Amino acid sequence: MSKAAKARAQIVRLLIPAGKAAPTPPVGPALGARGVKSMDFCKEFNARTATVEPGVPVPTLITVQPDRTFSFVTKTPPVSYFLKQTTGIEKGVGKPGHEFQATISLKHVFEISKIKATDEQMKHLPLESIARMVVGSARSLGIQVVP
């Protein structure tokens, strides 16, 4: 790598279960390759996600500075996680749009939308737009949205 590439901060995106970060894959190799002590990150991440139910997947953006210090931002769980929890399904269907394995009401869609609206990148969007994204995710999982 050139010096210019190393001089910039690097961003690592990981999906880590809340309270269960360990220096094993995916955390250890992703941070170790950038010279960060993964155990320091794991302790801080587990402390910050102590209020979240253990095992809930938390999208995390880790910014690694050139001097090997890091900072990270946690987001709300993915929409697919909420949809699977609400409907009780394990995974999506093979042919989305042609097969349906569960149904969900608009009330649930708006509840999920309210949770996702707290994310930084969603704050500028109206709740209706976020709800449309949730409906799209539901369809791709084979979940039918009913009024």
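Values below: every heavy atom of this structure, side chains too, minus hydrogens, waters and symmetry copies. Everything numeric here is computed off the predicted structure, so don't read it as measured data.
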Same cluster for [X] and [Y] if Ile/Leu/Val/Met/Phe/Trp/Tyr side chains link at under 4.5 Å?
X	Y	result
Ile89	Val135	yes
Ile115	Leu106	yes
Ile62	Val52	no

Original post:
Between the side chain of Thr49 and the main-chain N/O of Phe45, is any donor-acceptor distance below 3.5 Å?
Top reply: yes
Subject >> Heavy-atom closest contact (Lys75 atom, Val58 atom, distance) >> reply: O-CG1, 3.5 Å
Original post:
If you take all heavy atoms of Ile104 and His108, which pair is closest and at what distance?
Top reply: CG1-CB, 3.5 Å
Subject >> Glu44: side-chain contact (heavy atoms from CB on, under 4.5 Å) partners, not counting sequence neighbours >> reply: Arg48, Phe70, Phe72
**OP:** For Lys116, check salt bridge (charged side-chain N to carboxylate O under 4.0 Å, His left out) against everything at least two apart and list the hits.
**Re:** Asp119
**OP:** State, with a plain yes or no, whether a side-chain heavy atom of Thr63 is found less than 4.5 Å away from one of Val73.
**Re:** no
**OP:** State, yes or no, whether a side-chain contact exists between Val12 and Phe41 at a heavy-atom distance under 4.5 Å.
**Re:** no
**OP:** State the CZ-NZ distance between Phe110 and Lys114, to the nearest 0.5 angstrom.
**Re:** 9.0 Å
Could you pull out all donor-acceptor pairs under 3.5 Å where a side-chain atom in residues 14-40 meets a protein atom, sequence neighbours excluded?
residue: Arg34; atom: NE; partner: Gln10; partner atom: OE1; Å: 3.1
residue: Arg34; atom: NH1; partner: Ala30; partner atom: O; Å: 2.7

Identify every side-chain donor-acceptor pair in residues 138-147 under 3.5 Å, counting partners at least two apart or on other chains, and give the distances.
residue: Ser140; atom: OG; partner: Ser137; partner atom: O; Å: 2.8

Let me have the donor-acceptor pairs involving side chains of residues 121-133, under 3.5 Å, with sequence neighbours excluded, atom names and distances please.
residue: His124; atom: ND1; partner: Gln121; partner atom: O; Å: 3.4
residue: Glu128; atom: OE2; partner: Arg132; partner atom: NH2; Å: 2.7

**OP:** Under the ring-ring contact (aromatic ring centres under 6.0 Å, His included) rule, collect the residues that match up with Phe82, sequence neighbours excluded.
**Re:** none
